[in-house]
Amino acid sequence: MNTPSTLNSFQFARHGDKQNSAFFEEYLQKLLEERDQLGLTDMIQEIDALMITVDPDHSIQYIAELSLMTSYHYLVTLESEQHWTHVMRIDLDSPDLLVREVKDPNFRGIFRSLNEIYPVGARKPNSRYMGEIIRVTNMHEVVKLQEEREFRFFTQDEVRKLELPGNVAISKPSPYTHNIIGYMKREPGELRVYALGISTIRADVHAAYNEAKNLQAKLRIDDLILPVDHLATRVYSQNREVAILEYLSWSSYYFWGAYNIWDQNSSTNVTKSVHGFSETRSPAKVFTANNTPYFVNHLEKLPSPTETFVRNYGPRLHHVALSVKDGSRDGMENIEFVVNAIAAQGKGFLLDVIGSKEEGLKQIFSNASEHSSLIIEYVQRYNGFNGFFTRDNVAKLTEAAGVEEGVLEAQAKLSHAGQK
């Protein structure tokens with residue numbers, strides 16, 4: 001017999017002004033009540049790792065980029081037949097990064113196929129964010145209950161062929177976000193171990209990491225960049241509600257709320273951990289979607305940066321947001337000090353730092369990484385600001401992401417083709 005969760009997934013205040021459908025509100029209640037009653041909310045804990053795959057010969061440069069722009073450290077490399085999987089870690093109180101590199105450019109698999117039908121995504125066929133590994137207290141029971149709820153997992157043999165960690169139960173890709181979810185049993189305080197391949201510390205990876213970390217220290221930003229704050233996924237307009245409900249069913253998160261970003265024709269929807277973990281331990285999951293589908297754009301003449309991104313890259317993670325330590329250095333707010341230092345090394349940003357101390361936070365987007373296609377966001381919150389974001393900031397960030405180089409180029413090609 002299952003033990004009901006001691007937590008109540010509905011104890012949290014709702015934020016925002018986005019009107020959800022009756023379907024969403026009905027099944028949000030039903031699904032989370034069921035999750036609590038089955039004991040899943042207690043058994044499913046924080047995010048333990050984030051999984052990213054890059055194309056051949058891109059992982060070393062990407063690890064160097066991450067080592068400069070984040071607080072992650074290179075730990076070890078796990079070698080399997082078709083992949084190098086590099087483990088990056090801050091500490092056991094924040095998620096690891098698993099950076100997988102495909103060895104052979106001709107290697108084909110299920111995750112590559114998720115890229116190839118999208119014009120910009122296809123340019124880096126193996127490069128994509130894959131999903132999260134979530135810590136659970138009883139993997140057998142969690143998988144059993146989820147399968148009874150009709151959620152699907154790869155078999156152990158399929159996990160082995162995919163060259164993913166053998167001690168992680170891996171879901172099939174979501175039809176709404178194209179991401180996967182992994183469950184890994186681990187007790188609090190136990191080391192994270194990934195059962196995959198041969199463990200080595202590669203000299204070339206370690207050298208690139210050391211060089212980047214030395215530069216980060218020289219720039220005096222190593223103590224200012226904190227762990228991951230949130231993960232932002234972009235989906236098609238019609239999949240907004242079901243993507244959120246699906247993720248809440250896989251996780252122990254709750255629906256924090258959603259805001260309409262009217263001038264960008266989109267909404268930003270936030271989910272957070274029921275367990276009350278800080279975002280740096282278990283990042284918030286954000287879902288952004290257009291309010292209207294692409295095929296009415298020519299009639300409504302509304303902006304469509306989110307739907308345009310999804311049509312060109314596919315449903316996927318758009319950016320990883322990192323917290324910046326509150327305070328100032330050399331007469332600049334810490335976020336501006338960090339951005340100026342990184343920009344001086346040639347890394348571009350999509351806009352200037354936006355927001356203010358009076359509004360409670362400042363934010364900025366980097367250019368998309370040439371290795372993973374992911375954008376890094378920096379966010380500095382002042383005096384414990386807990387509103388998560390402001391509407392004006394999100395509108396400006398959404399607009400900036402709509403003029404990202406890959407999206408603009410794809411749109412220009414389509415316009416050119418239409419004029420022939």
Side-chain angles (χ1 to χ4, degrees), residues 50-55 58 62 65 99-102 105 108-132 173-180 230-240 242-244 246-247 261 264-269 285-295 297 303-321 348-351 365-377 394 397-417:
L50 316 174
M51 299 177 283
I52 301 170
T53 299
V54 298
D55 281 304
H58 279 265
Y62 190 44
E65 181 179 286
V99 179
R100 287 174 16 123
E101 178 187 306
V102 175
R108 306 194 69 81
I110 185 171
F111 302 111
R112 177 171 177 156
S113 67
L114 296 174
N115 279 7
E116 288 188 327
I117 59 173
Y118 298 97
V120 182
R123 296 180 193 169
K124 298 182 178 70
N126 299 291
S127 178
R128 66 178 297 107
Y129 179 82
M130 297 176 66
E132 299 92 53
S174 163
Y176 313 117
T177 67
H178 290 182
N179 289 343
I180 58 176
H230 64 270
L231 306 165
T233 299
R234 300 204 159 184
V235 296
Y236 281 111
S237 59
Q238 72 272 17
N239 288 339
R240 179 186 74 91
V242 287
I244 296 167
E246 181 192 44
Y247 189 77
I261 312 302
Q264 294 302 313
N265 185 29
S266 72
S267 69
T268 296
N269 309 263
K285 280 279 287 188
V286 177
F287 298 82
T288 302
N290 246 46
N291 289 335
T292 58
Y294 74 91
F295 53 81
N297 286 352
S304 188
T306 303
E307 193 98 338
T308 298
F309 173 87
V310 178
R311 294 187 72 203
N312 284 298
Y313 280 94
R316 60 164 63 199
L317 195 76
H318 176 262
H319 66 267
V320 176
F349 290 84
L350 290 178
L351 72 171
F365 274 165
S366 76
N367 287 350
S369 169
E370 64 177 292
H371 311 297
S372 68
S373 298
L374 287 171
I375 286 170
I376 284 181
E377 175 188 338
V394 172
L397 291 168
T398 303
E399 182 180 17
V403 296
E404 187 268 322
E405 184 178 357
V407 172
L408 284 180
E409 188 180 340
Q411 291 299 100
K413 284 184 177 179
L414 287 172
S415 298
H416 181 68

Results of ring-ring contact (aromatic ring centres under 6.0 Å, His included) for Phe365 - residues two or more places apart only: His318, His319

Leu350/Asn367 under side chain to side chain contact (heavy atoms under 4.5 Å, CB included): CA gap, chis, key distance, verdict: CA-CA 6 Å; Leu350 290 178; Asn367 287 350; 3.3 Å; yes

Gap between atom [atom2] of [Y] and atom [atom1] of [X] - 0.5 Å precision:
{"X": "Asn179", "Y": "Glu132", "atom1": "CG", "atom2": "CD", "value": "6.5 Å"}
{"X": "Thr233", "Y": "Asn239", "atom1": "OG1", "atom2": "CG", "value": "12.5 Å"}
{"X": "Thr308", "Y": "Asn297", "atom1": "OG1", "atom2": "CG", "value": "6.5 Å"}
{"X": "Glu377", "Y": "His230", "atom1": "CD", "atom2": "NE2", "value": "4.0 Å"}

Does the side chain of [Y] come within less than 4.5 Å of [X]'s, by heavy atoms?
{"X": "Asn269", "Y": "Val286", "result": "no"}
{"X": "Pro105", "Y": "Asp55", "result": "no"}
{"X": "Tyr129", "Y": "Leu231", "result": "yes"}
{"X": "Val99", "Y": "Tyr62", "result": "yes"}
{"X": "Pro315", "Y": "Tyr236", "result": "yes"}
{"X": "Tyr313", "Y": "Arg128", "result": "no"}
{"X": "Gln264", "Y": "Glu399", "result": "yes"}
{"X": "Glu246", "Y": "Pro175", "result": "yes"}

Against the six-membered ring of Tyr294, is Arg311 placed for a cation-pi contact (under 6.0 Å from the centre, within 45° of the normal)? yes

Okay, side chain of [X], backbone of [Y]: is any donor-acceptor separation there less than 3.5 Å?
{"X": "Ser127", "Y": "His371", "result": "yes"}
{"X": "Asn312", "Y": "Pro119", "result": "no"}
{"X": "Asn115", "Y": "Pro125", "result": "yes"}

I would like to know whether Phe111 and Met51 meet side chain to side chain contact (heavy atoms under 4.5 Å, CB included); could you show each step before the answer? CA-CA 12 Å; Phe111 302 111; Met51 299 177 283; over 6 Å; no

For a quick test of reading the model, state the closest non-hydrogen atom pair linking [X] to [Y] and the distance between them.
{"X": "Arg234", "Y": "Pro305", "answer": "NH1-O, 4.3 Å"}
{"X": "Ser369", "Y": "Ser372", "answer": "OG-N, 3.3 Å"}
{"X": "Ile375", "Y": "Ser366", "answer": "CG2-O, 3.4 Å"}
{"X": "Gly121", "Y": "Arg316", "answer": "CA-NH2, 4.1 Å"}
{"X": "Ser266", "Y": "Thr398", "answer": "OG-CG2, 4.0 Å"}

For Asn290, side-chain contact (heavy atoms from CB on, under 4.5 Å) partners two or more places apart: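 Expected list: Ser237, Asn265, Thr292, Ser304, Thr306, Glu307.
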
Starting from the C-alpha separation in whole Å, work towards a yes-or-no answer on side chain to side chain contact (heavy atoms under 4.5 Å, CB included) for Thr177 and Phe287. CA-CA 9 Å; Thr177 67; Phe287 298 82; 4.2 Å; yes

